[in-house]
Asks: 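Next up is a structure, given as C-alpha cells.
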Amino acid sequence: MKTAKFFINEKNRKEANPMLFGHFIEFMRDCIDEGMWAELLKNRGFDRKKEIPEGVVDGNPNIAEGWYRTGGKNTFEITLDKENSLAKDGFSQKITCYNDYDGYVGVAQGRINLEEGAYQGYLWAKAEHDAEIMICVCEEEGAFFINRKFHVRAEWEKFPFAFQVNGKTRCGVFEIRLLGEGTVWLDGASLMPEETENGIWKEVYKHIKALEPPVIRFPGGCFADCYCWTDGVGERDQRPYRFNRHWGGFEDNSFGTDEYMAFCESVGCEPMICVNFGSGTPEEAAAWVEYCNGGEDTFYGKMRAKNGHPQPYHVKYWDIGNETFGDWEIGHCNAEEYGQKYMDFYRAMKEKDENIVFMICGGDGDDRSQQWNEQAMKFAGPHMDALCLHMYALKQIEKKHYDNKDIYYAVTGAVKKYQEILTESFRTVTKVNPKAKIAVTEYNVGTLIDSYREQTLEAALFNAGMLNMFLRNTEKILMCNISDLVNGWPGGCIVSRNGHAYGTASYYAMKLYAEAGICEVLDGNMECGEYRTKEQIGNIEPMEGIPYVDAAACRDNKGRIVIFAVNRSLADSIEFLTGMEGKEAEITELNAEKASDCNNAENMAVFPKSRKSKIGEKGVLLPPHSISRIVILS
C-alpha cells in the first residue's frame with residue numbers, strides 16, 4: 001500500500017481569501033440565455049429576420065425567425081416593420097387582414113417545453129384601428145391551456161396573461177391570432193414560468209446558491225469586448241436585439257446590468273464587471289461605472305434610478321479587457337498598445353469612482369513567458385490592483401491520438417505548471433507594484449472540441465488541485481473564477497436543460513471547498529510518491545516531480561482543521577497520514593468508478609459521500625482518482 005505523509009504546522013498560518021471560489025457567466029452559447037434566464041420564447045421581439053437559403057422559394061422572409069404563420073381562409077399580408085418597433089434598431093411583426101371569411105391569421109412558435117405549474121407572459125401590440133387579437137397557448141394538436149381575447153387600440157399596450165399547465169409537453173405552441181379585419185403590430189412577447197428567482201430558473205438558482213459563490217464575473221470573456229452595456233438597461237422590451245460578434249447567434253439583452261445586480265444581491269456575492277476594452281471606449285466604460293456607482297445627481301446614476309434602483313450598486317471590481325494578447329480577441333493588440341490604451345480607461349473610470357479595484361489583462365496564463373506582463377506593467381503598474389490570468393490545460397489539444405492515461409496524468413498534474421506561472425507572474429507585478437495581486441479570472445480543463453471531458457471526474461480532480469494551489473497562495477491572489485457557472489463550454493459547473501439542473505463533477509468539487517467555511521490556511525509539507533509526464537499534451541509540456549497526492553490544510557470558522565486531499569493515482573489507494581491519528585473526523589469523498597465518469601440527468605455517477613470515523617493508525621485511505629475533505633472534529 002502506498003503512503004503519503006502530510007505534516008501540518010499550525011503555527012504558520014495566513015488568512016484565507018474567500019474570493020478564491022468565484023464563478024463566471026458569459027453570453028456564450030446557452031450559459032445565460034436558456035441556461036439561466038427562464039424565457040421560453042426565442043426571438044421574442046420579432047427582431048431577427050428569417051434567413052431563406054438561396055434557391056428556396058417557399059420560405060417567408062417577412063415572418064420573424066423562429067415564428068411561423070397560422071390560420072386560413074382570410075386574405076392577409078404579413079411583414080416585418082422597422083418603422084414601428086418597441087426596440088431600438090428592431091422590427092415588429094405587422095399583420096393585416098383585408099378580407100375575413102370566418103377565419104383568422106396569426107403567427108406562432110412551437111416546440112415549447114411546458115411542465116406542470118403556473119406560467120405568465122405578455123405581449124405588446126397596437127392597431128391601425130381598433131382590432132381584436134387572441135393569445136393561445138396549447139399542446140400541439142391538443143388542448144388549450146389559454147385562449148384569451150384582447151382589444152387592441154392605436155397606441156402600444158402591454159397585454160399580460162397567466163395560465164396553469166396540468167401535465168407535461170415538449171410540443172407546446174404559443175400563438176397570436178388577429179381576429180377579423182384590420183392591421184396590428186406585435187412586439188415584445190414573453191412566456192416564462194411563474195416560479196423563478198427574478199427570471200432565473202428555480203432549479204438553476206438553487207444549485208448556484210448552494211455553491212455560495214463569493215464573486216461572479218460578467219458579461220465575459222470574449223463577449224465583453226463586443227458588448228455595449230447600454231443595450232442591457234431600461235425597459236426590457238425596448239432593448240436592442242444584437243448579433244453576438246464573438247460567439248455567433250443573437251442576444252435580446254433581457255439579462256443586463258440591473259438583472260445581473262439583482263442576481264448577485266440575491267445570491268449574496270460580489271459583482272465583477274469586465275468592460276468592453278476591444279470595441280468600446282474609455283468614455284463608455286466610465287459611463288458604466290457611473291451607472292453602477294454614481295449618485296442620483298449624476299447623469300447615469302439618474303438613469304439607474306429611473307430604471308428602478310435609486311441606490312448605487314457600489315461595484316468594486318472592474319476587469320479592463322479580456323485576453324487582449326490573443327489574435328482571436330476583438331481589439332487585439334500588443335502589450336505596449338494595451339498599456340497605453342489601458343491608461344485612458346483608468347483615468348476615465350477613476351474619475352467616476354476613485355475607490356474601484358482595477359484589474360488589468362495579463363498575458364497568456366498557459367504560457368510561462370512574462371514578456372506581456374512586464375511590458376503592460378511599465379504603463380499600468382502603479383495604476384492597477386491585480387493582473388488577470390486565464391489557465392486552460394487542454395485548450396490547444398491537437399486532434400490526434402493520445403493515450404487517455406497520459407492525458408489524465410498531464411491534466412491532473414498541470415497544477416504544478418500553473419503554480420510556477422502564478423509564482424513568476426506575482427514576482428513580475430510586485431517588482432513594479434508591491435501591493436498588486438494576481439486574479440485567475442478563468443480556469444478549467446478547457447477542451448474546445450465539445451468532448452464533454454470537462455464534465456468528468458478527471459476535470460474535477462484538476463480543478464480541486466487548482467483550488468489547493470490557490471489556497472496555498474492565498475496571499476498572492478485577489479480572486480479566482482472557474483469557467484463557466486452554467487452550460488457555456490461543456491465544462492459548465494451546472495448543466496441546465498429546460499429549467500432542470502444538475503451539478504457536474506467539478507460542481508461538487510467546488511462545493512466541497514466553498515461550503516467549508518475556511519478562515520485560515522495552514523502550512524503543510526507533503527511527502528509522497530511522484531510521477532512524470534512524457535509528451536506535450538495541450539498546453540502541458542512534459543513535467544517531472546508531480547506528487548500523486550495534492551493537499552491543502554486549513555482552519556474553518558469553528559476553529560477545526562480541514563484538509564483537502566486529491567489522490568491523482570488512477571490505480572492505487574493511498575494511506576494519507578496527517579498526524580491526526582486517533583481523532584474523530586468527518587470525511588467527505590468525491591469519487592467514481594472511473595476517472596472518465598460524469599453526471600447526467602438520470603445518473604449522478606460523481607456525487608459526494610460523507611462518513612464520520614476515527615482516523616486509524618494508517619491515516620485516511622484515499623481511493624484512486626478521488627477528492628477528499630477531512631474535517632477534524634475532536
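Predicted, not measured: the structure shown is a model, and the values here were computed from it. No hydrogens, no waters, no symmetry mates; every other heavy atom, side chains included, goes into these values.
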Asks: Checking Asn468 against Asp550: is there a side-chain donor and acceptor pair closer than 3.5 Å?
Replies: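 Result is yes, a qualifying pair exists.
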Asks: Rounded to the nearest 0.5 Å, how far does OG of Ser279 lie from CZ of Arg245?
Replies: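 Spacing of CZ (Arg245) from OG (Ser279) equals 5.0 Å.
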Asks: For the CD atom on Gln311, are there more than 12 heavy atoms of other groups (residues, nucleotides or ligands in this structure) within a distance under 6.0 Å?
Replies: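 Atom CD in Gln311 is not crowded, with 12 or fewer foreign heavy atoms closer than 6.0 Å.
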Asks: Who are the ring-ring contact (aromatic ring centres under 6.0 Å, His included) partners of Tyr502, not counting sequence neighbours?
Replies: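 In terms of ring-ring contact (aromatic ring centres under 6.0 Å, His included), with neighbours along the sequence ignored, Tyr502 is linked to no residue.
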Asks: Any heavy-atom pair between the side chains of Ser425 and Leu389 that's under 4.5 Å?
Replies: yes
Asks: For the NZ atom on Lys14, are there more than 12 heavy atoms of other groups (residues, nucleotides or ligands in this structure) within a distance under 6.0 Å?
Replies: yes
Asks: Checking Arg497 now: which residues fulfil salt bridge (charged side-chain N to carboxylate O under 4.0 Å, His left out) with it, not counting sequence neighbours?
Replies: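 Per chain and number, Arg497 pairs via salt bridge (charged side-chain N to carboxylate O under 4.0 Å, His left out) with Asp30.
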Asks: To the nearest 0.5 Å, how far apart are CG in Asn404 and CG in Leu570?
Replies: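 Answer rounded to 0.5 Å: 10.0 Å.
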Asks: State, without any angle test, whether Asn463 and Ser506 hold a side-chain donor-acceptor pair at a distance under 3.5 Å.
Replies: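 The answer is yes; a qualifying pair exists.
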Asks: Without hydrogens or angle criteria, can the side chains of Ser483 and Tyr392 be said to hold a donor-acceptor pair below 3.5 Å?
Replies: yes
Asks: Please name all residues satisfying side-chain contact (heavy atoms from CB on, under 4.5 Å) with Glu65, sequence neighbours left out, ordered by chain then number.
Replies: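 Counting only residues at least two positions away or on another chain, Glu65 forms a side-chain contact (heavy atoms from CB on, under 4.5 Å) with Asn43, Arg48, Lys50.
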Asks: Working to the nearest 0.5 Å, report the span between CE of Met604 and OG1 of Thr504.
Replies: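 One finds 8.5 Å between CE of Met604 and OG1 of Thr504.
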Asks: Do His390 and Thr441 have side-chain atoms, one donor and one acceptor, less than 3.5 Å apart?
Replies: yes
Asks: Look at the aromatic rings of Tyr342 and Phe358 and report parallel, tilted or perpendicular, splitting at 30° and 60°.
Replies: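 Ring orientation of Tyr342 relative to Phe358: perpendicular.
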Asks: Answer with yes or no after comparing the ring centroid distance for Tyr300 and Trp229 against a 6.0 Å cut-off, counting only values under it.
Replies: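 So the answer is yes for these two rings.
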Asks: For side chain to side chain donor-acceptor pair (under 3.5 Å), just list the numbers for Thr196 and Tyr205, CA-CA rounded to whole Å, side-chain angles, deciding distance to a tenth of an Å, and then say yes or no.
Replies: CA-CA 8 Å; Thr196 67; Tyr205 178 85; over 6 Å; no
Asks: Taking the side chain as every heavy atom from C-beta outward, state whether Tyr317 and Ile273 have any pair of such atoms under 4.5 Å apart.
Replies: no
Asks: May I ask you to decide if Glu442's main-chain N or O and Asn481's side chain share a donor-acceptor pair within less than 3.5 Å?
Replies: no
Asks: Side chains of Asn307 and Tyr291: donor-acceptor distance under 3.5 Å anywhere?
Replies: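 Short answer, yes.
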Asks: To the nearest 0.5 Å, what is the distance between NZ on Lys437 and OG1 on Thr474?
Replies: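 Output value for this atom pair is 7.5 Å.
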Asks: Applying ring-ring contact (aromatic ring centres under 6.0 Å, His included), name anything that partners Tyr513, two or more places apart in sequence or on another chain.
Replies: Phe564
Asks: Under the rule for ring-ring contact (aromatic ring centres under 6.0 Å, His included), what residues qualify as partners of Phe263, not counting sequence neighbours?
Replies: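 Expected list: none.
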Asks: With ring-ring contact (aromatic ring centres under 6.0 Å, His included) as the criterion, how do Trp372 and Tyr338 come out once you've worked through the C-alpha distance, each side chain's angles and the decisive distance to 0.1 Å?
Replies: CA-CA 10 Å; Trp372 171 284; Tyr338 171 83; 5.8 Å; yes
Asks: Taking the six-membered ring for Trp, are Phe223 and Phe27 parallel (under 30°), tilted (30 to 60°) or perpendicular (over 60°)?
Replies: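 Because their plane-to-plane angle lies in the 30° to 60° range, the rings of Phe223 and Phe27 count as tilted.
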Asks: Do Asp33 and Lys42 have side-chain heavy atoms sitting under 4.5 Å apart?
Replies: no
Asks: From Asp353 CG over to Cys292 SG, what is the distance, rounded to the nearest 0.5 angstrom?
Replies: 10.0 Å
Asks: Among residues at least two apart in sequence or on other chains, which ones pass side-chain contact (heavy atoms from CB on, under 4.5 Å) with Glu420?
Replies: Arg368, Lys416
Asks: Please name all residues satisfying side-chain hydrogen bond (donor to acceptor under 3.5 Å, both in side chains) with Glu458, sequence neighbours left out, ordered by chain then number.
Replies: Arg453
Asks: Taking everything shown except Glu593 itself, do over 12 heavy atoms lie less than 6.0 Å from its CD?
Replies: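 It does not: Glu593 CD has 12 such atoms or fewer within range.
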Asks: Tell me, which pairs form a salt bridge (Lys or Arg N to Asp or Glu O under 4.0 Å) where one or both residues lie in residues 308-322, sequence neighbours left out?
Replies: Arg217-Asp319
Asks: Verify whether one side chain among Ser190 and Glu39 offers a donor that lies under 3.5 Å from an acceptor in the other.
Replies: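 Present: a donor and an acceptor within the cut-off.
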Asks: Taking ring-ring contact (aromatic ring centres under 6.0 Å, His included) as the test, write out the residues that go with Tyr418, two or more places apart.
Replies: none
Asks: Taking the side chain as every heavy atom from C-beta outward, state whether Val275 and Trp318 have any pair of such atoms under 4.5 Å apart.
Replies: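 The answer is yes, as the side chains (C-beta and beyond) meet within the 4.5 Å cut-off.
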Asks: Cut-off 3.5 Å, side chains only: do His332 and Glu323 have a donor facing an acceptor?
Replies: no
Asks: In plain terms, say whether Lys202 and Glu195 are close enough for a salt bridge, that is, a side-chain N and a carboxylate O under 4.0 Å apart.
Replies: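 Result for this pair is yes, salt bridge flagged.
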Asks: Between Arg242 and Asp231, is the closest basic N to carboxylate O distance under 4.0 Å?
Replies: yes
Asks: Hey, does the side chain of Asp484 reach the backbone of Val486 with a donor-acceptor pair shorter than 3.5 angstrom?
Replies: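 Answer holds: no.
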Asks: Decide side chain to side chain donor-acceptor pair (under 3.5 Å) for His309 and Asp258; before the verdict, give the C-alpha distance in whole Å, the side-chain angles of both, and the deciding distance to 0.1 Å.
Replies: CA-CA 8 Å; His309 204 283; Asp258 295 299; over 6 Å; no
Asks: Please examine the side chains of Arg568 and Val415, heavy atoms only from C-beta on, and report whether any two atoms are closer than 4.5 Å.
Replies: yes
Asks: Given Glu259 and Arg239, is the salt bridge (charged side-chain N to carboxylate O under 4.0 Å, His left out) satisfied, shown in steps?
Replies: CA-CA 13 Å; Glu259 289 77 17; Arg239 298 177 189 177; 3.0 Å; yes
Asks: Assess, by modelled atom type and distance only, whether the side chains of Asp237 and Tyr122 contain a donor and an acceptor separated by less than 3.5 Å.
Replies: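 Yes - a donor-acceptor pair under 3.5 Å links their side chains.
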Asks: Taking the ring centre of each residue, are Phe250 and Trp247 less than 6.0 Å apart?
Replies: no
Asks: Looking at residues at least two apart in the chain, or sitting in another chain, which of them share a side-chain contact (heavy atoms from CB on, under 4.5 Å) with Ser254?
Replies: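 Residues passing side-chain contact (heavy atoms from CB on, under 4.5 Å) with Ser254: Trp37, Arg44, Arg236, Asp252.
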Asks: Quick one: do the Tyr507 and Asn599 side chains pair a donor with an acceptor below 3.5 Å?
Replies: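 Note: Tyr507 and Asn599 side chains miss the donor-acceptor criterion.
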Asks: Could you check whether any side-chain heavy atom of Pro193 comes within less than 4.5 Å of a side-chain heavy atom of Gln120, counting everything from C-beta outward?
Replies: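 When only atoms from C-beta onward are counted, Gln120 and Pro193 do not touch, as no gap falls below 4.5 Å.
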Asks: Output all residues satisfying side-chain contact (heavy atoms from CB on, under 4.5 Å) with Ser596, sequence neighbours left out; order by chain, then residue number.
Replies: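 Ser596: side-chain contact (heavy atoms from CB on, under 4.5 Å) contacts with Lys594.
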Asks: For Arg555, check salt bridge (charged side-chain N to carboxylate O under 4.0 Å, His left out) against everything at least two apart and list the hits.
Replies: Glu10, Glu520
Asks: Under 4.0 Å between a side-chain nitrogen and a carboxylate oxygen: does that hold for Glu34 and Arg29?
Replies: no
Asks: Within a strict 4.5 Å, meaning less than it, do heavy atoms of the Asn539 and Asp367 side chains meet?
Replies: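 Of all side-chain heavy-atom pairs linking Asp367 with Asn539, none is under 4.5 Å.
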Asks: Could you check Trp288 against Thr257 for side chain to side chain donor-acceptor pair (under 3.5 Å), going step by step and ending with a plain yes or no?
Replies: CA-CA 9 Å; Trp288 203 355; Thr257 299; 3.1 Å; yes
Asks: Is any NZ, NE, NH1 or NH2 atom of the basic residue among Lys352 and Glu290 found under 4.0 Å from an Asp or Glu carboxylate oxygen of the other?
Replies: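 Yes, Lys352 and Glu290 are salt-bridged.
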Asks: About how many Å separate CD1 of Ile208 and SG of Cys269, when rounded to the nearest 0.5 Å?
Replies: 9.0 Å
Asks: Determine whether Asn567 and Pro623 make a side-chain contact, defined as any pair of heavy atoms from C-beta on separated by less than 4.5 Å.
Replies: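 A side-chain contact under 4.5 Å is absent here.
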